[in-house]
J.: 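Can you keep this structure in mind? I'll have questions shortly.
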Amino acid sequence: MDHEVALLLVAGVAVFAGAVVQGGVGFGLGLVAAPVITLLDPTVMPGAVQVVNMTMPLLTLAREWRGTEWRGAGFALLGRLPGSAAGALVIVYVSTATLGVLVGVMVLAAVVLTARAVAVPRNGATLTAAGFVSGVTGTATGIGGPPIALVYQSARGPEIRATLATFFCVSAAQSLVILGLLGRLPARALVSGAALVPFVLLGHAASGPLRRYLDGGRVRAAVLAVAAVSACALLGQSLAR
């Protein structure tokens, strides 16, 4: 099998798994896919993940847009803009190896926080702060979901999925624009992201009959474990450079 095809299939499996999780609980695509794609080919990150991060929310909104909490999404996006600028600085001044460590640490932190289900009050201040943190990590690493998801963890399934989808769609588009302006969005990253879109579609379709099951959190623990293993592997590779 051609090496490029093999890499695409491995990355595609990660994107598929992440899309299944996000289709059920509202987030998880970047958390699962970013470490794997970075491990396989760091040169296409974070642009490739941002392409799939923008595609998946469109599918969710097509189904559940009525559940969107527009006020909460607005506060989160208000914090996201300066957060993206801060994330851009990280991209400019951080080496590839250091960025790999950053991605790994952020994933592990997100796994721990998500598994512990830390209770966070949902108000304008927490949503704006979560949007800012999401902007930093999302722009720099492709993983921006956990901060917002933690604030919305007590919301109903349709509400959290639709609101997060609204936020992710706008924020991913914003990150792509910033990456392009910085000259950090090579055509290869866009091509790689586009090649992964079919796996997003498959994952979204597979999440349909499993949505209620996934909302119960039964599958999330297993996927978070895989994400943690991927993050540890990424950390090991980056530290060995």
Side-chain angles (χ1 to χ4, degrees), residues 8-37 46 48-70 72-73 76 107 110-111 113-115 117 130 134 137-138 141-173 175 192-228 230:
L8 175 63
L9 290 177
V10 174
V13 170
V15 169
F16 171 83
V20 170
V21 177
Q22 185 157 320
V25 300
F27 77 108
L29 178 52
L31 184 66
V32 178
V36 176
I37 296 174
V49 166
Q50 293 297 356
V51 172
V52 296
N53 278 347
M54 189 173 66
T55 303
M56 180 67 190
L58 294 175
L59 301 175
T60 300
L61 288 173
R63 184 188 65 240
E64 296 183 303
W65 65 271
R66 292 179 181 83
T68 304
E69 186 193 25
W70 297 105
V107 171
V111 168
L113 289 173
T114 304
S134 178
T137 62
T141 70
I143 302 171
I148 299 296
L150 286 172
V151 179
Y152 272 95
Q153 63 183 278
S154 61
R156 296 178 300 105
E159 182 181 13
I160 185 173
R161 286 192 294 267
T163 305
L164 292 183
T166 301
F167 174 79
F168 292 152
C169 185
V170 176
S171 60
S175 291
S192 297
L196 293 170
V197 168
F199 295 96
V200 176
L201 299 175
L202 291 173
H204 177 266
S207 72
L210 296 176
R211 192 166 300 120
R212 182 174 299 177
Y213 185 78
L214 289 173
D215 279 346
R218 298 183 180 91
V219 175
R220 185 176 63 175
V223 175
L224 290 177
V226 173
S230 298

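Keep in mind it's a predicted model, so treat the numbers as computed, not measured.
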J.: I'd like a table of donor-acceptor pairs (distance under 3.5 Å, sequence neighbours excluded) in which one partner is a side-chain atom from residues 18-35, with atom names and distances.
T.:
{"from": "Q22", "atom 1": "OE1", "to": "G28", "atom 2": "N", "distance (Å)": "3.4"}
{"from": "Q22", "atom 1": "OE1", "to": "L29", "atom 2": "N", "distance (Å)": "3.1"}

J.: Under 3.5 Å, which donor-acceptor pairs do the side chains of residues 164-172 form with other protein atoms, sequence neighbours left out?
T.:
{"from": "T166", "atom 1": "OG1", "to": "T68", "atom 2": "OG1", "distance (Å)": "3.4"}
{"from": "T166", "atom 1": "OG1", "to": "A162", "atom 2": "O", "distance (Å)": "3.0"}
{"from": "S171", "atom 1": "OG", "to": "F167", "atom 2": "O", "distance (Å)": "2.8"}
{"from": "S171", "atom 1": "OG", "to": "F168", "atom 2": "O", "distance (Å)": "3.2"}

J.: Taking only residues two or more places apart in sequence or in another chain, which ones pass side-chain contact (heavy atoms from CB on, under 4.5 Å) with V13?
T.: none
J.: Quick one: side-chain contact (heavy atoms from CB on, under 4.5 Å) partners of L201, sequence neighbours excluded?
T.: L59, V197
J.: Can you pull the side chain to side chain donor-acceptor pair (under 3.5 Å) pairs that have at least one residue in residues 55-64, sequence neighbours excluded?
T.: R63-H204, E64-R161
J.: Look up atom CG in L202 and atom CZ in F16, then write down how far apart they are to the nearest 0.5 Å.
T.: 6.5 Å
J.: What I'd like to find out is whether the side chain of V51 reaches to under 4.5 Å of the side chain of L196, using heavy atoms alone.
T.: no
J.: Do any N or O atoms from the side chain of S134 and from the backbone of A130 form a donor-acceptor pair under 3.5 angstrom?
T.: no
J.: Ignoring hydrogens, what is the shortest heavy-atom contact between I37 and A11? Give both atom names and the distance.
T.: CG1-CB, 4.1 Å
